[in-house]
Amino acid sequence: MAAPATTDQLLHFFFRSNGRIGRQEYALGIGVIYSLNLSILFYLLVRETMSPVMLILLVLLDVIILIGLAVLMAKRCHDLGLPGLYFLFIFVPFVGLFWPFVLAFLPGNPAANAYGMPPVIEPE
């Protein structure tokens, strides 16, 4: 059984844009991010009233989550040999709906590129 991830590993995964990640890691990260976003959305939908402080905290949490999404998408673009700024396609109308999912299905470069060696998942 694999050891749990450390705090430093999680921070590197979600908030440091250097390097590459594979399709499996990307899909896992996107699943975590979308789950957190849906949790916040459902929390907001069931509340009749909310204090301004709580609303500000939820907005800040969502901004942090969206930064994590941008970093994951940039790393996935790196795996494809694209600049990390290609994550900005998420803001293009219609294309932005599908871009995170396109990144999940495109195979990465099998060889080293300008962003490093291909990611390798270590077997347990």
Side-chain angles (χ1 to χ4, degrees):
M1 180 182 228
T6 65
T7 304
D8 187 51
Q9 289 171 326
L10 288 174
L11 288 174
H12 185 272
F13 183 70
F14 284 108
F15 298 107
R16 294 186 190 134
S17 64
N18 57 336
R20 301 165 59 169
I21 59 172
R23 290 183 283 185
Q24 292 175 338
E25 295 165 312
Y26 174 76
L28 178 64
I30 292 294
V32 168
I33 286 174
Y34 283 155
S35 297
L36 288 172
N37 269 338
L38 283 174
S39 299
I40 291 171
L41 177 65
F42 288 140
Y43 178 79
L44 291 172
L45 288 175
V46 299
R47 304 289 295 188
E48 291 182 14
T49 61
M50 185 175 300
S51 70
V53 173
M54 185 59 144
L55 186 60
I56 289 170
L57 288 175
L58 287 174
V59 168
L60 287 175
L61 179 62
D62 201 41
V63 167
I64 291 169
I65 290 170
L66 291 176
I67 290 170
L69 173 67
V71 168
L72 284 179
M73 292 177 71
K75 285 183 181 181
R76 187 67 191 124
C77 288
H78 289 170
D79 191 43
L80 299 170
L82 302 171
L85 286 176
Y86 273 57
F87 86 88
L88 292 173
F89 278 149
I90 198 166
F91 297 112
V92 176
F94 188 69
V95 174
L97 293 172
F98 301 102
W99 185 239
F101 302 106
V102 168
L103 289 176
F105 290 104
L106 290 176
N109 291 342
N113 63 19
Y115 304 103
M117 296 298 293
V120 176
I121 296 178
E122 298 175 10
E124 294 184 27

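Considering only residues two or more places apart in sequence or on other chains, Ser51 meets the side chain to side chain contact (heavy atoms under 4.5 Å, CB included) condition with Val53, Met54. Residues passing the side-chain hydrogen bond (donor to acceptor under 3.5 Å, both in side chains) test with Thr49, sequence neighbours excluded: none. For the salt bridge (Lys or Arg N to Asp or Glu O under 4.0 Å) test, no residue two or more places apart in sequence or in another chain qualifies with Arg47. Under the side chain to side chain contact (heavy atoms under 4.5 Å, CB included) criterion, Leu36 pairs with Val32, Ile65, not counting sequence neighbours. Every side chain to side chain contact (heavy atoms under 4.5 Å, CB included) that Ile90 has, sequence neighbours left out, goes to Leu69, Met73, Pro100. Qualifying ring-ring contact (aromatic ring centres under 6.0 Å, His included) partners for Phe94, counting only residues two or more places apart in sequence or in other chains: Phe98. Residues passing the side-chain hydrogen bond (donor to acceptor under 3.5 Å, both in side chains) test with Arg23: none are found, sequence neighbours excluded. For Val92, the side chain to side chain contact (heavy atoms under 4.5 Å, CB included) partners two or more places apart in sequence, or in a different chain, are Phe89, Val95.
Evaluation of the side-chain hydrogen bond (donor to acceptor under 3.5 Å, both in side chains) test over residues 86-110, restricted to residues two or more places apart or in two chains, returns none. Within the structure, ring-ring contact (aromatic ring centres under 6.0 Å, His included) pairs that include any residue of residues 10-62 do not occur (at least two apart or interchain). Residue pairs that meet the side-chain hydrogen bond (donor to acceptor under 3.5 Å, both in side chains) test with at least one member in residues 61-82, sequence neighbours left out, are Arg20-Asp79, Arg76-Asp79.
When every heavy atom of Cys77 is checked against every heavy atom of Pro83, the shortest pair comes out as CB-O, 3.6 Å.
The hydrophobic cluster containing Leu57 does not contain Val46, counting ILVMFWY residues as joined when their side-chain heavy atoms lie under 4.5 angstrom apart, directly or transitively. Taking hydrophobic clusters as Ile, Leu, Val, Met, Phe, Trp and Tyr residues chained together by side-chain heavy-atom distances below 4.5 Å, Val102 shares a cluster with Leu85. Put simply, Leu41 and Leu55 are part of two different groups of oily side chains (I, L, V, M, F, W, Y) that touch within less than 4.5 Å, one to the next. If you chain together hydrophobic residues whose side chains sit under 4.5 Å apart, Tyr115 and Phe87 never meet in one group. Under a hydrophobic-cluster definition in which Ile, Leu, Val, Met, Phe, Trp and Tyr are linked whenever side-chain heavy atoms come within less than 4.5 Å, directly or via other members, Phe101 and Phe91 are assigned to the same cluster.
The shortest distance between side-chain heavy atoms of Leu66 and Asn37 falls below 4.5 Å. Side-chain contact between Leu44 and Met50 is present, with heavy atoms from C-beta onward closer than 4.5 Å.
Annotation for Met117: hydrophobic cluster partners, listed by chain and number, are none (ILVMFWY side-chain heavy atoms under 4.5 Å, direct or chained).
A distance of 9.5 Å separates OG in Ser39 from CG in Leu61, rounded to the nearest 0.5 Å.
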Hey, mind stepping through Asp8 and Arg16 against side chain to side chain contact (heavy atoms under 4.5 Å, CB included) and telling me if it holds?
-> CA-CA 10 Å; Asp8 187 51; Arg16 294 186 190 134; 3.3 Å; yes
May I have the step-by-step check of side chain to side chain contact (heavy atoms under 4.5 Å, CB included) for Leu103 and Leu72, ending in yes or no?
-> CA-CA 10 Å; Leu103 289 176; Leu72 284 179; over 6 Å; no
